[in-house]
Structures are given as structure tokens and as C-alpha cells.
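Keep in mind the model is a prediction, meaning the values are calculated, not measured. All ligand and atom numbering here is 1-based and tracks the order in the structure.
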Amino acid sequence: MIIGIDDTDSIDGMCTTYLLAVLIGKLNAFGHLKDYPLLVRLNPNIKYKTRGNAALAMDIELNDRNASQKVRDLVIDIVERMAVLSEENTNPGIVFIENSTDSMKNDLSKFSMGAVRDVLEIREAMEILNRHDISHKGFKNERGLIGALAAAGFALCGLPDHTYELIAYREQKNWGSSREIDPGSVYAADAATHPDTWDTVDIENQRIVFAPHSPDPILFGIRGNSEEAVRRAFSMIKSEPVERYVVYKTNQNTDMHLIKAKIHEVKEDRSYILEGIVGKSPKTIIGGHIIFKLSENDTSIECIAFEPTKGFRRIIRELRAGDEVKVFGSVKDRTLNLEKIKIDRLNMQELRNPMCCDKRMKSMGKEQGYRCEKCGAIKQEQELETLQRKISAGFYEVPPCARRHLSKPLARFPLRQEGA
Ligand code: ATP
């Protein structure tokens with residue numbers, strides 16, 4: 001039986017992954033998990049999300065087929081008791097898939113991918129649930145059925161690419177207090193297991209990034225390429241007591257949210273890989289964000305590197321008009337929020353006002369030519385000059401402290417070319 005669950009938490013506490021971790025313990029009496037539990041990240045731009053737009057699923061082989069009703073009742077009971085139903089924005093959904101058909105798989109593979117890349121309606125989840133007679137339970141406005149069905153769909157159809165996350169949970173008496181984790185052990189665990197694990201620490205910015213600061217039950221999460229790698233790092237961490245931990249299979253750090261598209265095809269609240277030419281030199285705006293225009297034929301889009309992307313902005317600041325790049329990120333308010341950039345070709349030449357007497361000549365007005373302010377010499381045209389560039393072509397990414405859940409780190413690109 002596949003069980004999909006979503007939307008049980010609030011910003012002040014709880015976490016759907018913790019609910020699933022508790023549920024896994026309770027379901028041991030009824031059967032065993034056929035595969036890792038799934039932690040899927042859906043469209044990062046969905047306005048209803050609490051934090052990281054996570055949804056969960058697991059596939060359990062029941063010891064006794066007749067136990068299915070008991071299991072459904074148990075899951076519903078736990079969600080009713082643990083979900084923060086008093087929170088307006090918490091609308092849980094639970095989906096149970098017991099038998100599947102090719103047509104159900106077909107619908108679900110499209111729906112699940114749509115939940116990661118697109119913006120869906122509750123109605124679309126309902127249509128599939130009803131068409132295939134899938135057992136489900138929605139609470140309040142039932143929005144959680146979208147995520148629950150998407151996660152169940154991935155459990156049924158598989159993930160095209162996956163990574164692992166080991167999440168360790170705190171003892172309940174510690175929820176809300178500051179987390180006790182020995183920093184030295186975290187840096188040592190990272191040093192011993194990177195690049196098979198990542199985003200545990202941010203070396204450049206001297207930060208531990210694997211532990212949240214919110215009052216939820218998560219102590220920390222270790223992300224990596226294999227169960228072996230995340231367990232090895234886990235074994236090295238010294239911290240307050242861990243109540244329980246779960247190793248999830250996940251679509252995190254796979255770039256599953258990115259759609260290859262042309263600038264004119266871009267829609268709000270989706271994430272893209274776009275190709276184009278840098279319009280003008282980037283500008284720094286209030287707040288320390290860096291912005292530039294990317295153009296392709298007659299269309300263009302603003303791209304932004306926000307202040308929290310720290311050193312990544314140094315690269316963006318050095319772009320110049322004419323550079324050929326691919327940008328990776330989510331679009332909001334007609335602006336692409338940069339997660340990565342691939343500089344395919346740097347423009348090494350630029351038209352500039354001619355030099356005279358060791359200074360740039362001044363323009364005398366549109367199509368009026370250029371004049372030297374010192375000796376009065378006049379020239380009609382700008383001149384092509386070779387640019388001194390401080391960056392080289394290549395792939396650049398935001399640092400771990402600014403990485404979004406779905407964003408694939410460069411360490412996971414075998415040839416640093418793939419996807420580009
Ligand atoms: P956390 O990360 O702390 O578990 P969350 O960020 O996952 O919280 P939820 O509380 O699950 O946020 O809220 C997200 C809501 O948006 C859910 O109801 C989910 O069904 C819905 N949703 C997810 N993806 C989409 C989508 N692509 N289109 C429309 N609704 C979506």
C-alpha cells in the first residue's frame with residue numbers, strides 16, 4: 001500500500017517529515033517498507049507552502065491484506081492528532097494506493113511532475129482520485145491532496161533522479177530551544193564525506209547549514225548520494241540526543257523543477273533553464289542584490305542574484321554586455337532568481353569612446369562624433385576595444401547557505417556540462 005501525506009505543519013511547529021517518521025514506527029506492526037520513504041519537494045514557488053514545499057510517501061508491504069482498513073484508520077488518526085489543524089494554512093491530504101493500472105500510472109506520472117514544475121488546482125487532484133477510485137482523505141479545503149497524490153505518484157512511478165537525506169529528530173522536550181550540536185564534529189563529518197554528502201556546512205561563509213533555526217522537531221538533515229554516505233557523516237556528529245532518524249529517498253538536489261525554455265515561453269511561478277545574451281553590465285540595487293537583463297531575439301527577462309547568495313554575486317557583477325550565458329532559477333514577478341549560471345562565452349570586445357591624450361573622448365551628441373576635451377581632436381566612431389575580464393567561462397552556483405532544496409549542486413554534475 002502506498003501512503004502519500006502532505007500539508008500537516010505550521011510555521012510554529014510540526015513538520016510532515018516528523019509525522020511520517022512517527023507513522024513509520026507505528027506501522028511496523030502491520031508490515032515492512034518496500035523501499036526508502038520518499039521526501040519530495042514540489043514547486044518551490046507555491047504561495048501556500050509553509051517552508052520547503054515538501055510532501056511525503058511510503059510504500060508498505062502489509063503482512064495481512066485484511067489489515068488495510070486498520071492501517072488507513074491509523075494513518076488518518078495520526079494526521080488528525082498531529083497536524084496543526086487550527087492553522088488556517090494547514091489543509092492536510094492523505095492518499096492510499098493499493099492497486100494500480102497502466103492508465104493510473106500514466107496520469108500520476110504527469111500529475112507528479114506537474115506538482116514539481118507547474119501550478120496545479122485541487123480540482124485536478126480530485127479528478128485523478130475519482131477517475132481511478134483512489135482512497136483518500138482531505139481535511140479542511142483539502143489542498144494537501146495535491147502534494148499527497150504527487151508524492152504517492154512518485155512512489156508508484158519512481159523518481160528519474162534521486163539523492164538521500166538522513167533527518168535526525170529532537171526529543172520533544174527540546175523542541176523550541178536552541179539546538180546543541182558540536183560544530184567541530186559537523187565540519188569533520190563534512191570533510192570526511194564531501195562530495196558524497198553536501199550542504200552540511202558552507203566553508204566559504206563559515207556556516208553550518210544542515211540544521212534549521214525554526215522551532216520544529218528536526219535536529220539536522222544530512223544530504224548525500226547514498227545511504228552509506230549520509231550514515232557515515234551521521235555517525236560522526238556529536239549533538240543533543242536524537243529521538244529518531246529516518247533515511248529518505250528524495251528528489252532534492254536534482255534540478256527536477258527546471259524546464260528548458262525560451263524567454264518568451266516563461267510563466268510566473270515556474271523554474272527554468274534559459275539561454276541568452278547579457279544586455280548591459282549588471283547593476284547593484286538596494287539591499288545588495290545584483291540584477292541584469294538577459295535577451296534572446298526580441299525578448300528579455302531580468303535576472304537577479306539576491307544578497308543572500310553572497311560570493312556568487314562577485315561572478316554576476318563581472319558579466320558584461322554580449323556575454324552568452326545559460327541561467328537556472330525560478331521566475332517571480334517576471335524576474336529569474338538565479339540558482340546557477342553557465343557562462344558559455346565571454347564577450348572579449350566592447351565598443352567604447354576613442355582614447356586621446358590619455359583620456360576618453362566625449363560624445364558630442366547622438367551621431368555627432370567624439371571630441372577630445374584636451375586637444376580638441378574629433379573622431380566620428382567608437383572603437384572596438386579588447387576587454388580585460390576578471391572571470392572565465394564556466395559553471396557557477398550559489399553557496400550552500402543559499403541553495404534551494406531542488407537545486408542540483410555542481411558536485412553532482414559529472415562533467416560539469418550536463419543539463420546545460
Ligand atoms: P514543510 O516544508 O515545512 O513540510 P511545506 O512548505 O511543505 O511545509 P505545505 O504545508 O505542505 O508546505 O503546503 C504546501 C501546499 O501547497 C500543500 O497543500 C500542497 O498540496 C500544495 N501544493 C504543492 N505543490 C503544488 C503545486 N505545484 N500546485 C498547487 N499546489 C501545490
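Interface atoms of ligand 1 facing L42, defined by a heavy-atom separation under 4.0 Å, are 23 (C), 24 (N). Residue contact check: D9 has heavy atoms under 4.0 Å from atoms 1 (P), 3 (O), 4 (O), 8 (O), 10 (O) of ligand 1. Interface atoms of ligand 1 facing D118, defined by a heavy-atom separation under 4.0 Å, are 26 (C), 27 (N). Interface of N43 with ligand 1, defined as ligand atoms under 4.0 Å from a residue heavy atom, comprises 27 (N). Ligand 1 places these atoms under 4.0 Å from at least one heavy atom of R51: 2 (O), 3 (O), 5 (P), 6 (O), 8 (O). Ligand-side atoms of ligand 1 in range of V119: 28 (N), range being under 4.0 angstrom from any heavy atom.
Relative ring orientation between F220 and F210 is described as parallel, the plane-to-plane angle staying below 30° on a 0-90° scale split at 30° and 60°. Using cut-offs of 30° and 60° for the angle between ring planes, the F234 and Y245 rings count as tilted.
Two residues are said to be in side-chain contact when any heavy atoms from C-beta on lie closer than 4.5 Å; R223 and Y164 fail this criterion. The shortest distance between side-chain heavy atoms of R317 and T284 falls below 4.5 Å. Considering only heavy atoms from C-beta on, T335 stays 4.5 Å or farther from C303 through its side chain. I167 is listed as a side-chain neighbour of L39, based on a closest heavy-atom distance under 4.5 Å.
By the 4.0 Å N-to-carboxylate-O rule, E228 lies close enough to R232 to be salt-bridged with it. A salt bridge is absent between K340 and E397; no separation between the charged side-chain nitrogens and carboxylate oxygens falls under 4.0 Å. Looking at R143 and D7, no side-chain N of the basic residue comes within less than 4.0 Å of a carboxylate O on the acidic one, giving no salt bridge. Using a 4.0 Å cut-off between a side-chain N of Lys or Arg and a carboxylate O of Asp or Glu, K262 and E296 qualify as a salt bridge. Between E240 and R179 no salt bridge is recorded (no basic side-chain N to carboxylate O distance below 4.0 Å).
For atom 10 (O) of ligand 1, the nearest non-hydrogen atom of the protein is T50 OG1, 2.7 Å. Nearest protein heavy-atom neighbour of atom 28 (N) of ligand 1: L120 N, 2.8 Å. Closest to atom 30 (N) of ligand 1 among all protein heavy atoms lies I146 CD1, 3.5 Å. Shortest contact from atom 13 (O) of ligand 1 to any protein heavy atom: Y48 O, 3.5 Å. Looking at atom 26 (C) of ligand 1, its nearest protein heavy atom turns out to be I46 CD1, 3.4 Å. Protein heavy atom nearest atom 11 (O) of ligand 1, with residue, atom name and distance: D6 OD1, 2.8 Å. Annotation: atom 20 (O) of ligand 1 to nearest protein heavy atom, R143 O, 2.8 Å.
Considering G52, G138, A54 only, the shortest heavy-atom separation from atom 7 (O) of ligand 1 involves A54. Here atom 23 (C) of ligand 1 lies nearest to N53 when heavy atoms of D7, T90, N53, L56 are compared.
The shortest heavy-atom distance from C15 to ligand 1 is not under 4.0 Å. For the pair N91 and ligand 1, no heavy-atom separation below 4.0 Å is found.
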